[in-house]
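Have a look at the structure below, then the notes.
One-based numbering, in listed order, for ligands and for the atoms of each.
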Amino acid sequence: MELDTARTEAWLRAAAAAVTAREAELTALDTAIGDGDHGSNLRRGFTAVLAGLDAEKAGGTAAADRSPGILLAAAGRTLISTVGGASGPLYGSALRAAGRALPGASAGPDEVAAALGEALGAVRSLGGAQPGDKTMVDAWAPAAATFAEAAGQGLAAASAAAAAAAEQGARATLPLVARKGRASYLGPRSAGHLDPGAVSTALLFAALAEACRER
Ligand code: ADP
Ligand code: MG
């Protein structure tokens with residue numbers, strides 16, 4: 001199985017559906033240790049991503065202009081321009097970097113692993129967070145590493161393993177003290193709460209697994 005245009009589009013649509021369905025939860029998490037806008041930020045951003053996908057389809061954009069890399073890069077640009085918070089530029093840069101790493105009409109598991117590594121690199125170079133700083137990096141890093149380790153088992157298995165790793169990484173942010181982003185202003189009081197961006201990253205990887213499931 002390869003990550004082709006249909007699966008990339010399914011990934012973005014599943015991500016949009018997930019952040020919309022879980023908006024209240026993401027907002028509640030961000031209310032506890034941030035400013036309470038993470039759910040609405042991502043719903044707004046991914047709603048614009050969906051609108052972009054629909055407009056392209058309606059406009060009959062040629063298949064060659066809808067490669068996985070082009071779709072991901074366009075989604076990244078949309079997130080950067082529509083999401084005001086820190087998470088928009090971070091997710092946007094991640095998707096743009098992943099898109100740049102996927103130039104072909106479809107991508108095998110090793111190429112997808114490399115693209116996810118590029119995405120993580122973009123988040124880390126823009127935000128400067130290390131694993132353990134209680135940010136989305138705590139879900140991205142184990143997810144990208146696990147995907148790369150499992151790539152030999154195929155796209156479906158690697159995506160499922162990465163989703164589980166992201167979920168576990170998000171859960172592991174609970175006791176951490178935030179060292180980056182708004183939550184770091186709280187110091188030790190940020191402990192005892194899940195990081196909203198790590199939880200939304202787990203949703204993004206669950207969406208990838210859903211799009212790449214064997215049917
Ligand atoms: P804002 O913090 O501007 O209100 P959001 O609420 O949308 O933006 O996103 C907050 C999330 O962004 C945090 O939970 C965290 O995961 C992530 N984040 C914030 N700063 C950084 C950073 N420097 N590096 C990585 N992730 C970060
Ligand atoms: Mg916020």
Side-chain angles (χ1 to χ4, degrees), residues 12 15-50 75-98 115-147 162-163 165-208:
L12 293 170
V19 299
T20 302
R22 305 274 290 271
E23 177 184 351
E25 179 191 337
L26 295 173
T27 286
L29 294 174
D30 195 37
T31 300
I33 59 169
D35 57 355
D37 63 356
H38 191 57
S40 55
N41 280 344
L42 290 188
R43 189 206 7 92
R44 182 169 63 252
F46 275 95
T47 299
V49 168
L50 281 191
R77 285 194 302 275
T78 299
L79 292 179
I80 290 170
S81 63
T82 56
V83 178
S87 61
L90 290 164
Y91 276 128
S93 306
L95 293 187
R96 281 176 56 185
L116 293 173
E118 292 294 324
L120 168 63
V123 171
R124 291 193 59 174
S125 69
L126 181 62
Q130 307 283 339
D133 284 350
K134 195 179 182 101
T135 71
M136 63 171 70
V137 168
D138 291 320
W140 270 102
T146 299
F147 192 105
E167 174 79 44
Q168 202 182 331
R171 275 203 304 271
T173 63
L174 187 74
L176 298 177
V177 172
R179 286 192 290 253
K180 286 282 173 192
R182 268 178 211 285
S184 66
Y185 307 160
L186 292 182
R189 282 186 292 133
S190 62
H193 301 279
L194 294 174
D195 177 63
V199 172
S200 59
T201 297
L203 296 181
L204 197 69
F205 277 91
L208 175 63

Would you check if Val123 and Tyr91 make a side-chain contact, meaning some heavy-atom pair closer than 4.5 Å?
no
Those residues with a heavy-atom separation under 4.0 Å from ligand 1 are Asp30, Asp35, Asp37, His38, Asn41, Gly85, Ala86, Ser87, Leu90, Gly127, Ala129, Thr135, Met136, Lys180, Gly181, Arg182, Asp195, Pro196, Gly197, Ala198
Is there a donor-acceptor pair closer than 3.5 Å between any side-chain N or O of Asp138 and the backbone N or O of Gly132?
yes
Under 3.5 Å: donor-acceptor pair, side chain of Arg22, backbone of Ser200:
no
Given side chains that start at C-beta, do those of Pro131 and Arg124 come closer than 4.5 Å, heavy atoms only?
yes
2.8 Å shell around the Mg ion (ligand 2), exclusive bound, protein N/O/S atoms
3
pair Ile33-Pro196: side-chain heavy atoms closer than 4.5 Å
yes
Got Leu29 and Asp195 here, is their nearest side-chain heavy-atom distance under 4.5 Å?
no
Side chains of Leu186 and His193: closer than 4.5 Å at any heavy-atom pair?
no
Do Arg96 and Ile80 have side chains that approach each other closer than 4.5 Å (heavy atoms only, starting at C-beta)?
yes
Given side chains that start at C-beta, do those of Asp35 and Tyr185 come closer than 4.5 Å, heavy atoms only?
no
